[in-house]
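Here is the structure we will look at, set down as structure tokens.
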Amino acid sequence: MGDIAVETSGVSKRFRLYHERNQSLKAAFMRGRRAKFEEFWALQDIDLQIPAGKTFGLIGHNGSGKSTLLKCLAGILVPDRGSIGVHGRVSALLELGAGFHPELSGRDNVYLNGSILGMSRKQIDRQFDEIVDFAGLETFIDTPVKNYSSGMYVRLGFSVAINVDPEILMVDEVLAVGDESFQRKCMEKFADFRAQGRTVIIVSHALGTMRSMCDEVAWLDHGKLQGVGRPSDLVDEYVGASHEDRTQAPGDSTSSGGSRWGSQEITLDGAELLCDGRVTSQVSTGADVTFRLRWTAPEPVAEPVFGMAIYSLEGVHVTGPNSQDVGLSTGTVHGSGHVDVHVPTLMLTPGTYQVTAAVLDSTGTHAFDHRDRMFRFDVTAGHPRDRYGVVSLGGSWDVAVDRAPVT
Amino acid sequence: MDGLQNYTLFLLCALLPWNYFSGVVNGGMGALTGNANLIKKTAFPRQHLVLAASAALFVTFTIEMAVLLLALVVFGVNPLLWIVPTLVLMVLLAVFATGLGLVFAVANVYFRDSAHFVAIGLQVLFYATPVIYPITLVQDVSPDSLVARFHIDSLYFANPLVHYVEAFRDLLYEQAVPSLTTIAVVVGCAIASLWLGLAVFNRFSGRLAEEL
């Protein structure tokens, strides 16, 4: 294996969008043509170098061309332009079914699939028990796979794909079908593969997983490569872009983030994060920070309630402080001003977070202005150095010996 | 042996090769559409599906021919001398049939009703090939007019299967070496058919996963 496992240069793939498709000679003859179609470029000029021994992710929204690219790399689709170089033995698991024959039993399909992936009968004989064991299908191995559940399908397909000893493993978004324990087994297997210096190329929408698993990711959008880079940077960028797509409210050009609603007696004009008196978008765990919400009230409003919520990128609602719960009386506000939420020690673990802010009436039921996902900020490693979960509890550790060994 | 002394053997010498041929063409047609699942999800040389169908039938064909040889022995013929030439001819027929199988396999992907037309075509071809009747029957009833006779004969002999079937019959039933023309046509058609089959298949195999 060289340094590059897979490289593509200028790969483009064109699909046909059929308006009329005559799949029989009779119809083609009667209508005088075979098909009427428009062209659609599913991939355009993809230049990629996937280094050997790395776990490489492909991200992008539905229809962005991820799976098409993967199929091209696996050799199932042939690109219309450009070239693909694959250095190493490929095993690909694309979509459900993975090339099983529905009428054959699980056992026969293991042999069928194994030989398609380039194994000899002897090799499969040797690996057979391991394959079945990994899939956890001992009881069902002689049942035709048409009677399998989708989880069983995927388990068997994945089990074959990883046991053929590939140098490059390509996996499309299929593992989500497996249950918790199977997914964990898969993750362990991916870690093994990585440790053995094999290349894994994976397509997924599970961004949290992608972030932690991949060494590098590529982001595709409408068939074009938007960028290749470290997962932490690119995943954030991708999430940011998809939020923009989703939430650009009509007529609301000031909003950089999410959707906005409310009766507008008071409006939230901006929100920022301050650290050491400066506006920033990046702080470290344990920093002394202030969240500032700027408001404007054209009419006097009595006792508005200000609130904010912090979400992790995966959508976990981390915390949601508001001025009413802490017993703050805001009085009657008029004109413009700001509200500060001072957090002396920011106990968030490293990652990207999003802030939603709102101003409500005193009953908490009517929204004057609610701005979803108003801005984002990054937390980098600081003190405490916790890495897992979304918050650190800042606990202190102590090891004690309760009983000395008997000598 | 001459003419129709033993009709059973006479028939089988031609019917077994014919059955193999039509089996490969039909099997080839279903090889791609029947395995759409595999083609859409895994990468491997697509022609193997057609080759596999053809190879599997060749095994059956070989067994049938072995039984026919036994029968010939029982009826007092010594076919030992003709075993090797027959094997060569069987391989040539396999190559010829597989080439056509490759073409029709692709055709069936693009036009799903090709199978019906091919079935009718095979039916016609069966009677246009001297399987159940001796070729002399055609030659004898040809019209007297030289021009008309030329037309009918050239049409009839344009069917490559006539030559394949005649070659089998020459070897096994007549125990004679086929004519040079027959040998040339049989070898030529095998090569041409395989070339055509591979050319058509390679031209269209790239888009199979999309068309299926």
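Here the structure is a predicted model, which is why all the values come from computation and not from measurement. The sequence lines fix the lettering, A, B, ..., with proteins before strands; numbering per chain opens at 1.
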Over 12 non-hydrogen atoms of neighbours within 6.0 angstrom of NZ in A:Lys54: no
Has B:Leu180 got more than 12 heavy atoms of other residues, nucleotides or ligands less than 6.0 Å from its CG? no
Residue part contacting chain A, namely of B:Asn35, when any heavy atom lies under 4.5 Å: side chain
Picking from A:Val90, A:Ile116, A:Leu77, which has the most non-hydrogen pairs under 4.5 angstrom with chain B? A:Ile116
Hey, could you give me the CD1/CG distance between A:Ile76 and B:Leu208, rounded to the nearest 0.5 Å? 12.5 Å
Would you compute the distance between atom CZ of B:Arg207 and atom CG of A:Asp80 and round it to the nearest 0.5 angstrom? 7.5 Å
Pairs meeting criterion side-chain hydrogen bond (donor to acceptor under 3.5 Å, both in side chains) with involvement of residues 82-91 of chain B, two or more places apart: none
Sequence neighbours excluded, every pair satisfying side-chain hydrogen bond (donor to acceptor under 3.5 Å, both in side chains) that has a member inside residues 45-59 of chain B: B:Tyr20-B:Ser54, B:Ser54-B:Thr98
Of all the heavy-atom pairs spanning A:Ala74 and B:Ala43, show the shortest one and how long it is. O-CB, 3.0 Å
Contact origin within B:Ile39 toward chain A - heavy atom pairs under 4.5 Å: backbone
